K.L.:
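First, the structure itself, so that you have it in front of you.
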Amino acid sequence: MTFELEKLVRENIKALKPYSSARSEFSGTAEIFLDANENSFGSPFPENFNRYPDPMQVKIKEKIGRRESVFSDGIFVGNGSDEAIDLLFRVFCRPKIDNVLICPPTYGMYEISAAINDTEVKKANLTEDFELDPQVINSVADPNTKLLFICSPNNPTGNSLDREVILEIIRKFNGIVVIDEAYVHFSGKPGFISEIENFENIVVLRTFSKAWGLAGLRVGLAFANPDIIDLFNKVKPPYNVSEIAQRAILEALENEESAAEMISAVIKQRAILAEKLSNLKFVKKIYPSDANFILVKTDRADAIYELLIAEKIVVRNRSRVEMCEGCLRITVGTEEENNSLIRALKKYEESIVY
Ligand SMILES: *Cc1c(COP(=O)(O)O)cnc(C)c1O
């Protein structure tokens with residue numbers, strides 16, 4: 001591997017002088033803030049949000065840094081991990097010239113972000129058992145392949161990808177390997193943040209949307225070496241994480257035990273749900289899951305999807321996704337929600353004639 005960050009970054013980004021916000025230019029202990037055209041009188045309800053939030057989310061990064069044993073300058077906090085995905089394109093991919101590599105079936109946002117940024121997507125499909133194929137990846141990548149997206153545990157298949165294979169790919173790939181760990185908390189496996197000190201070319205994505213139960217806040221994280229994080233900070237909008245989101249994240253980080261309990265509950269329900277689903281006649285296969293959802297192969301996905309809608313239960317129909325034919329992706333719910341789902345599916349089972 002020959003990794004040179006300088007060579008991967010777009011020239012316009014290297015030359016960019018970032019917007020300098022009022023709050024980032026001032027450092028000190030002032031008492032009267034007349035620098036940012038805020039409303040000094042307050043907000044139209046008891047709690048005040050009249051001040052711009054911390055553009056660098058210093059307190060959040062300190063807390064997360066301590067949890068994950070990394071320095072703050074190796075952490076990016078964004079408006080969902082989707083913001084980090086978009087920033088990767090804007091920093092590294094020259095529209096119409098560069099390309100990125102994805103490993104389908106996988107998360108749809110990589111392709112959407114690529115399309116928005118006018119960047120070609122190359123595909124190195126997962127193998128039949130949904131593992132990475134380093135040979136295919138090698139043969140598809142070219143000198144303009146800037147990013148390789150690896151999602152582990154993978155959405156929509158649910159499995160964690162083989163760690164040794166990922167490491168082998170990181171060692172060989174000349175661009176940035178992005179490891180999306182949105183579901184890693186449900187896997188009981190360590191993830192790749194600890195590998196950042198060994199490899200300059202990885203970006204690890206995490207999110208508060210899944211295990212932390214905070215999808216509505218829109219907060220995601222990227223971990224990488226500080227040179228890459230600097231580039232994200234240069235390109236991001238100055239106040240990309242709202243004050244209300246920052247306060248809530250700080251509070252959530254004080255309640256780690258509650259998050260851990262929810263994760264255990266999801267893992268317990270996942271096993272119960274998988275077992276119950278596997279007993280249904282029209283279920284052909286339950287894919288093993290390290291995530292908070294289960295991919296289920298059936299012989300009539302569309303009919304089941306419609307039936308569930310009629311019962312006011314929404315699942316994700318993935319039956320038209322290549323390699324997921326006949327599949328529904330079902331998020332693990334509460335015990336009651338899962339029971340309602342199984343009840344509806346049993347009723348349907350009794351109504352069909354085999
Ligand atoms: C849900 C999900 C995310 C989370 O995105 P946010 O923008 O942080 O809500 C990221 N990656 C994958 C693969 C996901 O499934």
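Please read all numbers here as calculations on a predicted model, not as lab measurements. Along the sequence shown, the residues carry numbers beginning at 1. In each ligand, atom 1 is the first atom listed, and ligand 1 is the first ligand listed.
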K.L.:
Could you pull out all residues at least two apart from Phe92 that satisfy ring-ring contact (aromatic ring centres under 6.0 Å, His included)?
P.N.:
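With sequence neighbours excluded, Phe92 shows a ring-ring contact (aromatic ring centres under 6.0 Å, His included) to no residue whatsoever.
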K.L.:
Say whether, by atom type as modelled, one donor and one acceptor occur between the side chain of Lys14 and the main chain of Glu6 under 3.5 angstrom.
P.N.:
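Here the side-chain-to-backbone pair exists.
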K.L.:
Count the heavy atoms of every other residue, nucleotide or ligand shown that sit under 6.0 Å from CZ of Phe71, and state whether that count exceeds 12.
P.N.:
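No - once you tally the heavy atoms of other residues, nucleotides and ligands closer than 6.0 Å, there are 12 at most.
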K.L.:
Does Arg329 make a cation-pi contact with Phe293 (under 6.0 Å, within 45 degrees of the axis)?
P.N.:
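Ring-cation test returns yes.
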K.L.:
With respect to Lys63, which candidate in Glu254, Gln57, Glu68 satisfies the side-chain hydrogen bond (donor to acceptor under 3.5 Å, both in side chains) definition?
P.N.:
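Of all the options given, the one that passes is Glu254.
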K.L.:
Hey, mind stepping through Phe199 and Phe192 against ring-ring contact (aromatic ring centres under 6.0 Å, His included) and telling me if it holds?
P.N.:
CA-CA 10 Å; Phe199 301 101; Phe192 281 79; 8.6 Å; no
K.L.:
Who are the residue neighbours of ligand 1 when the rule is a heavy atom under 4.0 Å from any of its atoms?
P.N.:
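Gly80, Ser81, Asp82, Tyr107, Cys151, Asn155, Asp180, Ala182, Tyr183, Thr207, Ser209, Lys210, Arg218.
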